[in-house]
There are 2 protein chains.
Amino acid sequence: MSRLNELRLVARVAQMYHIENRRQGDIAQHLNLSQATVSRMLKRASVEDIVRTTVVPPLGTFPELESKLRERFGLPEAIVVECSEDRDAAVMSRIGEAAAHFLEVTLSDGDVLGVSSWSQTIYKMVENIHPQKSASVRYVVQTLGGMGDPAVQTHATQLTAKLARLTGAEPKLLPVQGVASSKEAKLVMIDDPYVRETIGLFDRITTAVVGIGAIEPSELLARSGNFFSASELSRLAESGAVGDISLRFFDLQGTPVKTSLDERVIGLSLDELAKIDRVIALAGGKHKTAAIAGALRTKTIDVLVTDKFTAERLVTEDF
Amino acid sequence: MSRLNELRLVARVAQMYHIENRRQGDIAQHLNLSQATVSRMLKRASVEDIVRTTVVPPLGTFPELESKLRERFGLPEAIVVECSEDRDAAVMSRIGEAAAHFLEVTLSDGDVLGVSSWSQTIYKMVENIHPQKSASVRYVVQTLGGMGDPAVQTHATQLTAKLARLTGAEPKLLPVQGVASSKEAKLVMIDDPYVRETIGLFDRITTAVVGIGAIEPSELLARSGNFFSASELSRLAESGAVGDISLRFFDLQGTPVKTSLDERVIGLSLDELAKIDRVIALAGGKHKTAAIAGALRTKTIDVLVTDKFTAERLVTEDF
DNA sequence: TCTAGCGGTGTATATTTATTCATGCATGAT
DNA sequence: ATCATGCATGAATAAATATACACCGCTAGA
């Protein structure tokens, strides 16, 4: 009976607060209540569902998918982008754009940025970064050596350098091959002072941007410039590896797949990656779905940027 | 192009804030932003209409009508109550209930409450007041003498006394007739020490509850117990009076109608009323519509409690 | 009747949020 | 090129809001 009169007042208070944007103090004065009472009435208004707040997602965003991704993989943050078709070229551009914006807005003073080159998607990201006004980033650290023949290797360092320029940071390059021909060769290479310096910075990286690679031999071979041997590849397949981050492999459960390869790769390890504050992973495309699932389960990724098709597969399919 | 990515982030922030109820600080930390930026994004979210807040009025309340009343009459606050039919008895009960609740919730420590008896609606209000736990009200002051023959007069004082008891206050009664037979008689009556004391409290009243009377002769005569003369009534009509508050008359424009009656009425004047912090007026019913319109235009009323039919007329009809 | 526990309140305070301010670019006019 | 202007930012702070606390009165059970 008098509940209606209570709610009437609650609703009126809610109206003044939410619609007329009055301060609780004003409202309290207007109605001869204490500010505390107004605050409590407003709480009651939400409990009683008298105020309803909806967030209208802009078209082309997929909060639903993002939320499912976060939930399914215990992922802190996901960004799912629109793209018209499920083809790699289109997908990469969109992911790159979104990642670029996110990174820009989100970089903070004194950051040390790690980039695992070479990835087409990361390239697209760097392409979309606007020159930063205030040089907040200290270093941009290359976290993986170059790939393929030495001429092509420069791609990796160029990418790092470009990102450093855009962010006003000092580049810290890794002017060596990502995969040494042998364990011994690696030891030699990492003896170079520049290389040592860069590697020494790995544990000061605050934000790392990484790609996620698939294990399909063709893709991997293309990326690695045939540096892996046939037996190594088959061993990988046997151990259930589904993908890699900076040539560090893992299976569908996210368990690292240790092989002799690790001793030849010059770059960030998964353990080192796990210690980094913020790891932003960029990947999309049909053939990468399983690789991404595994990557997410390594629990090293803080933000995944992907496309809506891949996201849909990730939350729908069984792995 | 990048606007979408901006809005995506804004929407995500809005979601975390409004749906997941996270603090701005958390969100800032989660996304590597400053709390100030999060606050600004949330503001942008409302501007861009990404968050929408609606207040769902409980059934049986009429925020729309209340708002129109406030607007049309420059009324600080209006309460419009549901009632099934436009008949006085029903209307009065509902108004009384709502007023009772409002008053209860809204009384504050040390208040001095004025009641202009006699009004059926105010009676209904008092009937619905729950005994107050903490005796916050200091005095309940009767602001108009009784009406009709001395036996009936006690109604007025009883009402005041009852309200005082319910609110835990000390009653300050006006144990005289509301309308003296002559100016001289009034002077004699207000010489009584009790009467003087009560009248002396008029300017300390913090909240007054008043009824609004219509001028239809039959009604007025009934109320006044035939204390007004025929000539007085006709003079009132001639001067355009449409209603009264505590037997102080005004026309449709809210202009006080001064007559010789004023000298005979023992009670609060309109000027005194205007000085009171909070004046709560209770009135409803078809024949009171014009009276209420006039009363609202006197600018002495802070809260009007009325019924939906009367409210509808007040905001619709021309006066 | 007495007492424990449950709301509900206002005051004082802690917490959270908005804004002010100083700064660092960009942009565009002169 | 130089300067005014505008815009965005974070740090500091002001403002607003939520909560802890103490208190009161009621209810229900002993």
Side-chain angles (χ1 to χ4, degrees), chain A residues 2-3 5-7 9-10 13-14 16-18 20-48 51 53 101-111 129-138 165-169 206, chain B residues 2-3 5-7 9-10 13-14 16-18 20-48 51 53 101-111 129-138 165-169 206:
Chain A
S2 189
R3 178 176 156 82
N5 284 319
E6 284 172 32
L7 292 189
L9 200 52
V10 168
V13 166
M16 290 197 231
Y17 188 77
H18 292 289
E20 300 168 21
N21 294 310
R22 302 224 246 161
R23 316 285 87 213
Q24 294 185 6
D26 285 355
I27 298 171
Q29 197 163 359
H30 187 76
L31 295 179
N32 236 274
L33 303 162
S34 71
Q35 176 269 320
T37 301
V38 171
S39 173
R40 289 174 185 130
M41 282 181 166
L42 286 168
K43 182 180 284 179
R44 180 153 182 217
S46 6
V47 170
E48 303 266 5
V51 286
T53 312
H101 176 263
F102 183 76
L103 197 63
E104 276 179 28
V105 168
T106 245
L107 280 175
S108 50
D109 239 53
D111 262 347
I129 295 231
H130 301 293
Q132 298 298 290
K133 27 227 171 183
S134 52
S136 63
V137 178
R138 189 128 35 153
R165 187 160 15 86
L166 287 167
T167 54
T206 56
Chain B
S2 189
R3 178 176 156 83
N5 284 321
E6 284 173 32
L7 293 190
L9 199 53
V10 167
V13 166
M16 290 196 232
Y17 187 78
H18 292 290
E20 300 166 21
N21 294 312
R22 301 224 246 161
R23 318 282 84 216
Q24 293 184 6
D26 286 355
I27 298 171
Q29 197 162 0
H30 187 75
L31 296 178
N32 236 273
L33 303 163
S34 71
Q35 176 267 322
T37 301
V38 173
S39 173
R40 288 174 185 130
M41 282 181 166
L42 286 169
K43 182 180 285 180
R44 182 156 180 214
S46 3
V47 169
E48 303 266 6
V51 286
T53 310
H101 176 264
F102 182 75
L103 197 64
E104 276 179 26
V105 168
T106 244
L107 280 175
S108 51
D109 238 54
D111 262 346
I129 294 228
H130 301 294
Q132 297 299 289
K133 29 233 175 172
S134 53
S136 63
V137 178
R138 188 127 36 149
R165 185 160 18 85
L166 288 167
T167 55
T206 56

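Order of the sequence lines fixes the chain letters, A, B, ..., with proteins taken first and strands second; residue numbering starts at 1 for each chain.
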Find the distance [X]:[atom1] to [N]:[atom2] and express it as a whole number of Å.
X         : N       : atom1 : atom2 : value
Leu107(A) : dG24(C) : CG    : P     : 19 Å
Gln24(B)  : dG10(D) : CD    : P     : 14 Å
Tyr17(A)  : dA18(D) : OH    : P     : 6 Å
Gln35(A)  : dT13(C) : CD    : P     : 15 Å
Met16(A)  : dT17(D) : CE    : C1'   : 17 Å
Glu104(B) : dG10(C) : CD    : P     : 13 Å
Ile27(B)  : dA18(C) : CD1   : P     : 11 Å
Met41(A)  : dT17(D) : CE    : P     : 16 Å

Residue mapping more 5' on DNA chain C - nearest nucleotide basis, Ser108(B) or Val38(B) = Ser108(B)

Hey, which of these two, Val105(B) or Pro131(A), hits DNA chain C nearer its 5' end, going by closest nucleotide?
->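 Whichever sits nearer the 5' end wins; that is Val105(B).
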
Test item: [X] and [Y] side chains (from C-beta on) under 4.5 Å apart, heavy atoms:
X        : Y        : answer
Met16(B) : Leu31(B) : yes
Leu33(A) : Ile27(A) : no
Glu48(A) : Val10(A) : no

If you check the [X] side chain, which of [options] turns out closest?
X        : options                   : value
Lys43(B) : dT19(C), dA18(C), dT17(D) : dT19(C)
Arg23(B) : dT17(D), dT17(C), dT19(C) : dT17(C)
Arg40(A) : dT17(D), dG10(D), dT19(D) : dT19(D)

Pick one: which of Thr167(A), Thr206(A), Thr106(A) meets side chain to side chain donor-acceptor pair (under 3.5 Å) with Asp111(A)?
-> Thr206(A)

Between Phe102(B) and Asn5(A), does a side chain to side chain contact (heavy atoms under 4.5 Å, CB included) hold up when you go through it step by step?
-> CA-CA 8 Å; Phe102(B) 182 75; Asn5(A) 284 319; over 6 Å; no

Identify, between Ser39(A) and Leu33(B), the residue whose nearest nucleotide on DNA chain D lies closer to the 5' end.
-> Leu33(B)

Would one find a side-chain N or O of Thr37(A) under 4.0 angstrom from OP1 or OP2 of dG10(C)?
-> yes

